[in-house]
Amino acid sequence: MANHSKPAHQAEYERKQHKEEMKQQVISFVLMILFTLIAFALVMFEVNSYFIIPTLIILAVVQVAFQLYYFMHMKNKGHDMPALMIYGGAAVAFLTIVTFTSIIWW
Amino acid sequence: MSHEDVLNPKHMPHDPEKATLEGKNKFLGFWFFLGGETVLFASLFGTYIALNGSTQGENTPEHLFGLELVFLMTMFLLTSSLTSVYAMYHMKNHDFGKMQTWLAITVLLGLAFLGCEIYEFYHYIHEYGFTFQSSAFGSAFYTLLSFHGGHVLFGLLWIVTLMVRNQKRGLNLYNAPKFYIASLYWHFIDVVWVFIFTVVYLMGKVG
Amino acid sequence: MSTAVAQKRGLGAAIWDYLTTVDHKKIAHLYLVSGGLFFLIGGLEAMLIRIQLMKPDNNFLSAGLYNEMITMHGTTMIFLAAMPLIFALMNAVVPLQIGARDVAFPFLNSLGFWLFLFGGLLLNVSWFTGGAPDAGWTNYAPLSTTSPGHGVDYYVMGLQISGAGTLIGGINFLVTIVNMRAPGMSYMRMPLFTWSVFVTSTLILFAFPALTVGLFLMMFDRMFGSAFFDVGLGGNVIIWEHLFWIFGHPEVYILILPLFGAFSDIFPTFSKKRLFGYSAMVFATVLIGFLGFMVWAHHMFTVGMGPIANSIFAVATMAIAVPTGIKIFNWLFTMWGGQIRMTSAMLWTVAFIPSFTIGGMTGVMLAAAAADFQYHDTYFVVGHFHYVIVGGVAFGIFAALHYWWPKMFGQVLNEKLGKLAFWPFFIGFHLTFFIQHFLGLMGMPRRYWVFLEGQGLATGNLISTIGAFLMAIGTVIFLINIVYTAVKGEKADADPWENGRTLEWSIPSPPPYYNFVQTPLVRGLDPLWIEKMEGKKGMTPAEPLGDIHMPNGSILPFTMSLGMFIAGFGFIYQVDDKAWLAAVFIGMGITLGSMFIRSVKDDLGYHIHKEELEADIKKGAGK
Amino acid sequence: MRGWMGKFRSLFLFGALTLILSGCGVDNLSALKPKGYGAELLLDLMIISIAIMIFVFVIVMAIYAFVLIRYKQKKGQENLIPKQTEGNKALEVIWTVIPIILLLVLAVPTVQATFDLADTSGQDDENAITIDVIGNQYWWHFNYAGQEIATSQELYIPTGERVYLNMKSSDVIHSFWLPSIAGKMDTNPGENINSMYLEAYEEGVYWGHCAELCGPSHSLMDFRVIAVSPDEFDQWVEDMKNVDPEATPETASAQEGQELFNNNCMSCHAIGGSSAGVGPNLTNFGNREKIAGIMDPSKENLVDWITNPDEIKPGNQMPANIVSKEEASKIADYLLQLKHSDVGTDVPTRNTDE
Ligand code: HEA
Ligand code: HEA
Ligand SMILES: [Cu+2]
């Protein structure tokens with residue numbers, strides 16, 4: 001399990017890897033802030049169009065994907081089961097929301 | 001792996017949060033729990049959307065919501081997500097001190113968020129007389145928001161407990177998974193908030 | 001340390017041991033005993049229902065009491081009897097089947113049990129405090145939100161607490177199955193019972209949160225003046241129906257799938273043949289679980305969702321017949337060409353096939369949306385679901401208990417008494433419920449306190465009541481069997497059925513508290529059978545003999561749940577008197593305090609030393 | 001094993017026998033004896049599905065019986081190890097595909113019938129009869145839209161014509177079920193209205209039930225639908241429009257009863273007109289098939305009801321003991337002579353033999 005005698009260069013390599021990952025995370029953070037800004041701007045400046053609601057939703061979904069894949073490391077190895085369960089939950093969530101936005105008002 | 005190894009490892013592995021079986025179990029179990037939470041919040045969102053228009057003719061979303069505060073809250077929470085990522089970054093580099101620092105910043109941002117939320121509720125109740133009981137919309141709004149706010153509060157208590165408890169003993173293979181899943185929880189709270197500001201506030205304003 | 005406690009003996013020590021245990025085998029006992037008691041209570045309620053419906057215009061129960069009776073019967077049977085009995089089987093068997101020493105979260109396992117038990121107790125306290133819930137187990141708003149008294153409040157709090165326990169249990173088993181399998185036990189080598197527990201746990205994970213939310217909304221409406229279901233303030237009563245059934249339909253598969261799994265293990269054992277179409281069975285299980293989430297609105301065909309929604313849900317529902325049919329035929333062909341031995345366990349299993357098939361078929365008939373305008377809320381539906389639930393779930397639990405009893409208690413249940421219990425129950429079951437389909441079509445709605453004279457319903461109801469008494473006789477004989485077997489006290493072998501195929505039969509009955517001295521190496525499906533066919537006595541170990549790490553027992557799960565129980569009363573009665581909020585604070589204080597202790601106290605468990613194990617092997621633990 | 005199967009068979013025979021004994025239920029109540037368009041359509045659909053189910057069941061049981069008889073372990077075979085078959089692709093495909101086909105066969109008429117019964121577009125037609133149905137704990141209110149007619153508990157419709165119902169509830173959810181004419185539909189509280197239609201083939205008094213648990217007296221929330229010929233129906237409409245709520249009754253007792261009724265009961269009930277009070281509209285009460293939907297229309301029963309409604313329908317809204325027994329008797333005299341229309345009194349009632 002734990003590699004008890006870790007050579008120095010290995011540790012160095014891992015640090016580098018972590019740094020690389022951190023860089024990606026900062027980038028995704030910047031993008032998330034950007035998406036948020038766009039979303040708020042669309043609404044605040046009353047850019048009225050047919051597409052505003054779908055756009056808002058897409059912005060939110062992309063942002064959430066960044067959270068999940070970068071911040072929560074779902075892109076990394078060993079996340080098959082977490083992904084399965086999150087997608088399972090998301091599928092049920094989707095059905096639920098569709099129901100409550102449509103047939104509840106028969 | 002002996003207890004001695006878990007509590008005072010001579011060398012920290014690459015992924016300290018997943019180095020022990022207990023850690024792996026916690027990690028996976030917590031993700032599964034988040035899968036369930038997804039459905040929980042979906043049910044709340046569904047209810048909110050269904051009752052969106054049931055305002056009894058007053059205090060409609062358009063009328064109530066101000067986006068400035070919401071924007072501020074969003075920034076607090078999104079940033080706190082980044083700071084908790086920094087904390088985990090330092091955990092992986094086995095730098096306990098920096099991890100604690102970043103966690104502390106995360107906690108402060110979380111508190112700022114909660115403060116804004118409490119102010120917002122106070123404002124609605126006292127300025128508009130818009131309460132949990134005034135209409136089905138009111139019930140749905142406060143329920144959804146408070147479930148999220150309750151998660152924030154719980155997350156804060158959790159992280160603070162972990163920080164205080166482990167202040168003296170530093171990072172080890174026993175507490176690393178605990179820190180890690182607390183940060184997962186924190187990110188999930190952020191995910192929910194993204195949908196809240198989109199569905200409740202922005203779409204509410206658009207009408 | 002549980003060894004030390006076990007040696008102390010004495011009743012007090014034994015009770016303390018069970019209060020603090022985190023051993024999955026003991027938790028299985030706890031689930032079995034409490035689930036069994038609740039089954040008797042639910043059964044007693046069923047008997048009272050049947051006595052009331054014995055003849056037209058009967059006045060045995062009053063109208064209000066009757067509604068309480070059906071509500072508590074349904075709720076008790078589903079949440080407090082069937083679910084925990086299933087959890088008993090899961091706890092007793094799954095870790096053994098995958099070659100694990102314990103579940104992934106022993107502490108949470110115990111917490112799940114105590115939450116369930118305290119939730120169930122809370123629900124049943126309502127009988128003594130002025131009236132049980134009376135809005136049906138489905139608790140539709142606004143009947144439930146306007147129901148006077150505190151009955152529905154007990155429903156809400158009781159189910160919320162026990163539901164939390166179930167959710168915890170579900171996550172625990174998911175992680176156990178993913179992370180704790182013995183070397184060589186790939187997913188496609190898992191016994192079908194384990195597979196179906198996996199799928200069931202996933203269903204629990206995704207279905208229970210919807211109930212949780214529904215119950216919260218109901219609680220807020222009843223206790224804190226919100227307006228989710230108050231049409232006067234813009235609320236919508238259909239929200240409850242959707243939330244309930246988004247949970248409720250997967251729930252019925254949560255009930256049946258583990259028993260499908262049990263049958264899939266029992267058929268091969270008593271036919272001496274491997275399961276026919278193993279991969280198809282796995283696939284069908286997963287597919288049933290998946291489809292189970294897309295059909296909930298078939299309970300709402302008459303709500304007025306419109307023909308489009310009705311048609312979609314009708315067709316989706318029918319689709320479930322396909323994977324279920326695959327299972328039925330695979331079971332039949334497992335027996336085909338085998339050597340069938342009719343033990344009591346097999347008797348229940350074999351009886352399940354026609355019974356459940358009838359229930360499934362009436363299910364498909366119900367799924368024909370338009371025709372449901374006639375069936376819905378009539379005794380046809382009551383007939384349908386008792387056929388699947390009693391003919392599937394109850395038969396399954398009886399079968400599984402006979403099958404795994406030796407593993408759980410170290411004794412084989414008496415075969416003669418086993419069969420003697422079966423016959424009255426089986427005949428009584430068909431008598432009770434077959435006729436109900438016709439009663440429904442002849443114009444008898446369900447949840448009817450009385451039916452009137454001159455509607456042609458008297459004979460059928462009388463037959464139905466007689467059948468229920470036969471079922472009671474069968475149950476009593478089963479209880480006698482348990483006592484008789486315990487008193488007689490004959491020890492069972494490790495593999496008492498001689499043809500055991502899966503890992504649990506490779507270790508003593510009952511297993512030592514650490515299950516496996518050495519983790520076994522799995523070389524294929526039905527690992528024990530493979531070794532036996534190669535002339536070996538038992539499994540080849542995958543590791544050298546070494547220290548075993550074990551978790552510590554803890555009283556905290558008990559106190560956490562107790563806290564919730566106390567807080568539950570506080571929530572219920574603070575409506576009348578705000579002083580009861582004190583109970584909320586005390587209860588939550590106990591719960592959160594226990595959680596706090598849990599999180600700041602290191603709990604690293606202990607080790608069983610090699611020497612101890614070697615001594616055990618001498619006594620026969622390794623086999 | 002043979003004994004086992006034998007018992008099983010006799011069980012089914014027994015079931016079938018009881019079925020024959022009890023017939024298919026009583027006329028005008030049983031869904032198995034349709035007297036209207038909807039019920040007939042649904043029975044046809046049921047028969048299709050039952051046929052499919054019997055087909056499948058016979059196959060399952062045939063394999064089952066064969067396997068259990070043929071492969072039961074015999075004495076001396078205890079050590080035999082059968083061949084460990086893994087599966088059989090061809091067989092598995094067969095028992096996947098055949099059910100799919102059977103289900104498609106069932107799905108098509110299901111969808112057709114679902115759309116057919118949901119088609120209430122006919123109510124836009126000018127001549128269409130549309131009735132508002134309101135479920136209450138524990139009685140039914142019927143309002144003939146556009147005509148100043150309101151009744152309770154008993155609904156008059158013409159035969160051979162589609163009558164459209166627009167349904168809702170004033171309190172909890174109820175369900176309007178008329179097994180021998182049409183299916184059922186829930187009445188929900190709130191804004192949303194459900195629609196269905198009735199089309200009765202023959203004249204008759206049809207029995208309906210509330211089918212959604214609605215409180216302690218749920219099982220007593222019965223109603224009647226009286227189908228009469230279109231001409232008679234027109235006559236009925238005419239009669240009902242010309243009700244004089246103030247008409248003076250003949251006997252002295254009834255006159256006193258009227259006085260008492262006006263003073264004590266009118267705050268909730270109504271006679272004539274379309275006002276939906278808190279309680280049922282009592283127009284034409286003297287011709288009602290049943291009192292409160294469940295009791296024979298004798299004076300004795302009516303007095304019992306007026307003095308102690310809670311003992312007859314537990315949990316209902318009508319207060320007990322507002323009047324004394326003597327007063328109730330006079331009110332009963334008044335109510336029982338309220339015969340505003342003779343239409344329907346000669347319609348063949350339900351078949352009551354068991
Ligand atoms: C263990 C529990 C369980 C199980 C397994 C099922 C299984 C099924 N159920 Fe059932 N159901 C309940 C428990 C269960 N149900 C309960 C408790 C209620 C009432 C709740 C309440 O209102 O209180 C209910 C109510 C209910 C309704 C609503 C009725 C109403 O209220 O009006 C419907 C409607 O579609 C339905 C359908 C089905 C179907 C299609 C299946 C299918 O899964 C069945 C599939 C199986 C088979 C079909 C048999 C084997 C298959 C073959 C041999 C292959 C060939 C077959 C064909 C081609 C047909 N069920
Ligand atoms: C797991 C689920 C389950 C099980 C096993 C059962 C088992 C039985 N059920 Fe139940 N039933 C439901 C779930 C279940 N039911 C549900 C969900 C409803 C709907 C409720 C609602 O409408 O809201 C329902 C409704 C229901 C009704 C309809 C009521 C109505 O609509 O008005 C009827 C009527 O006959 C009935 C009968 C029975 C009978 C006779 C049994 C028998 O099989 C029971 C056999 C067991 C016994 C007979 C136990 C005998 C034990 C003793 C005699 C010893 C007692 C001693 C002590 C307590 C110390 N049930
Ligand atoms: Cu269902």
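Every chain is numbered from 1, with letters handed out A, B, ... down the list of sequences.
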Most heavy-atom pairs under 4.5 angstrom with chain B, which of A:Gly89, A:Ala39, A:Pro82, A:Gly78? A:Pro82
Checked A:Thr96, A:Thr36, A:Val92 vs chain B; the most non-hydrogen pairs under 4.5 Å come from A:Thr36
For the residue pair B:Leu34 and A:Met72, establish whether any side-chain heavy-atom pair is separated by less than 4.5 Å. yes
Student check: side-chain heavy atoms of A:Ile33 and B:Met75 closer than 4.5 Å: yes
For [X] versus [Y], what's the shortest heavy-atom pair and its separation?
X: B:Thr198; Y: A:Ala60; result: OG1-CB, 3.4 Å
X: B:Leu67; Y: A:Phe40; result: O-CE2, 3.9 Å
X: B:Phe32; Y: A:Met81; result: CE2-O, 3.9 Å

Give the member of B:Tyr201, B:Tyr180, B:Phe188 that has the highest number of heavy-atom pairs under 4.5 Å with chain A. B:Tyr180
Just how far is it from atom [atom1] of [X] to atom [atom2] of [Y], taken to the nearest 0.5 Å?
X: B:Ser84; Y: A:Phe71; atom1: OG; atom2: CZ; result: 7.5 Å
X: B:Leu78; Y: A:Gln67; atom1: CG; atom2: CD; result: 7.0 Å
X: B:Phe197; Y: A:Gln63; atom1: CZ; atom2: CD; result: 5.0 Å

Side chain to side chain donor-acceptor pair (under 3.5 Å) partner of B:Asn93, the single match among A:Lys19, A:Glu14, A:His18: A:His18
For B:Tyr128, does the OH atom sit with more than 12 other heavy atoms under 6.0 Å from it, leaving out its own atoms? yes
What part of A:Leu56 is in contact with chain B, defined as an atom under 4.5 angstrom from a non-hydrogen atom: side chain, backbone, both or neither? both
In terms of the angle between their ring planes, are A:His79 and B:Phe27 parallel, tilted or perpendicular, with boundaries placed at 30° and 60°? perpendicular
